[in-house]
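Here the structure is a predicted model, which means the values were calculated and not measured. Quick note: residue numbers are just sequence positions, from 1.
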Amino acid sequence: TDGGMAMTAKQLRPMRGAPSQCRSARGLAPPRASYYFELEVLQTELETSRTLALGFCWSKGLRMQDPLPQELPGSFLLGGELPRALFGATEVCRPDGWRPVVHVLSGSRVGALLEVRDHGTQGPLLRLSIVQDGTARAEAALWPATLETLTEESRQAVLQAVSGRRPFGLVQVGGSVQSVRLCTDVNEPPQQR
């Protein structure tokens with residue numbers, strides 16, 4: 001299949017309290033807000049080099065056929081093969097350790113956690129973490145210095161996030177991951193349940 005993408009029908013609700021991943025030994029200030037959504041993988045195909053990406057966006061009126069999510073201004077995605085984190089069309093990093101084409105199988109539960117910090121606090125403005133089957137697997141951070149490398153539209157999305165605008169969950173499905181289901185009864189990582 002050529003795959004496709006989808007976003008949550010409504011903006012995500014903020015989590016209550018900071019998740020344990022946010023209180024890391026790095027000494028970061030706690031996030032002002034955290035958001036989480038989770039998917040169950042229903043069908044996979046092993047003979048491919050493409051796979052899923054998960055993340056967040058701040059625009060409801062996106063046309064979901066074109067362009068691809070990594071090219072959507074204001075989207076923050078992590079995944080693909082080889083995995084990379086993108087904010088709009090700008091590559092933020094290439095995380096190590098998690099390769100969805102290898103690690104994500106039918107029955108896997110994969111979630112995306114977004115932490116939002118106030119502009120001017122120590123640490124990243126946005127941090128995206130991927131949780132698979134209850135274990136934190138990959139993360140990417142958008143630091144204040146990164147803002148100048150983004151397009152104007154993407155910078156505006158960051159400012160919307162930092163000012164309190166709630167995101168939509170976003171997933172690109174294709175290649176090794178053929179079908180997913182949004183877990184509507186889950187709004188926090190497994191460590192918090």
Practice task
With side-chain contact (heavy atoms from CB on, under 4.5 Å) as the test, would you mind laying out the steps for Val116 and Tyr35 before giving the verdict?
Solution key: CA-CA 9 Å; Val116 180; Tyr35 303 91; 4.1 Å; yes
Can you tell if the side chain of [X] reaches within under 4.5 Å of the side chain of [Y], non-hydrogen atoms only?
| X | Y | result |
| --- | --- | --- |
| Pro167 | Leu114 | yes |
| Val173 | Leu39 | no |
| Phe76 | Val158 | no |
| Leu125 | Arg117 | no |

For the [atom1] atom on [X], are there more than 12 heavy atoms of other groups (residues, nucleotides or ligands in this structure) within a distance under 6.0 Å?
| X | atom1 | answer |
| --- | --- | --- |
| Glu91 | CD | yes |
| Arg13 | CZ | no |
| Glu152 | CD | yes |

Practice task
Treat each ILVMFWY residue as a node, draw an edge where side-chain heavy atoms are under 4.5 Å apart, and state whether Val177 and Val101 are in one component.
Solution key: no
Exercise for the section: Spell out, yes or no, whether Leu12 and Val171 are grouped together once hydrophobic residues are joined by side-chain heavy atoms under 4.5 Å, including indirect joins. Expected result: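 Yes, Leu12 and Val171 fall within the same hydrophobic cluster.
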From [X] [atom1] over to [Y] [atom2], what is the distance, rounded to the nearest 0.5 angstrom?
| X | Y | atom1 | atom2 | answer |
| --- | --- | --- | --- | --- |
| Leu142 | Leu86 | CG | CG | 11.5 Å |
| Leu170 | Ser75 | CG | OG | 6.0 Å |
| Ser154 | Trp58 | OG | CH2 | 10.0 Å |
| Glu38 | Cys183 | CD | SG | 5.0 Å |
| Glu45 | Gln178 | CD | CD | 5.0 Å |
| Ile130 | Leu78 | CD1 | CG | 5.0 Å |

Is a donor on one side and an acceptor on the other found under 3.5 Å between the side chain of [X] and the backbone of [Y]?
| X | Y | answer |
| --- | --- | --- |
| Arg155 | Leu150 | yes |
| Thr135 | Arg137 | no |
| Thr51 | Ser176 | no |
| Arg32 | Val162 | yes |

Heavy-atom closest contact ([X] atom, [Y] atom, distance):
| X | Y | answer |
| --- | --- | --- |
| His103 | Gly97 | CE1-O, 3.5 Å |
| Leu54 | Gly111 | CD2-C, 4.3 Å |
| Gly55 | Leu77 | N-CD2, 3.5 Å |
| Gly74 | Ala157 | CA-CB, 3.4 Å |
| Gln132 | Trp98 | OE1-NE1, 2.7 Å |
| Glu139 | Pro95 | O-CB, 3.9 Å |

Problem - Whether Phe37 and Phe56 hold their rings parallel, tilted or perpendicular, with breakpoints at 30° and 60° - result: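 Judged by the thresholds at 30° and 60°, the geometry between Phe37 and Phe56 is perpendicular.
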Practice task
Check the pair Ser129 / Glu115 against side-chain contact (heavy atoms from CB on, under 4.5 Å), numbers first and verdict last.
Solution key: CA-CA 8 Å; Ser129 301; Glu115 302 164 44; 4.2 Å; yes
Exercise for the section: Output all residues satisfying side-chain hydrogen bond (donor to acceptor under 3.5 Å, both in side chains) with Glu40, sequence neighbours left out; order by chain, then residue number. Expected result: Arg181
Problem - Gln156 and Leu159: CA distance, side-chain angles, deciding distance, side-chain contact (heavy atoms from CB on, under 4.5 Å) verdict - result: CA-CA 5 Å; Gln156 290 303 317; Leu159 295 175; 4.2 Å; yes
Handout entry: Criterion side-chain contact (heavy atoms from CB on, under 4.5 Å) on Val41 and Leu105, from CA distance to verdict
Key = CA-CA 7 Å; Val41 177; Leu105 306 170; over 6 Å; no
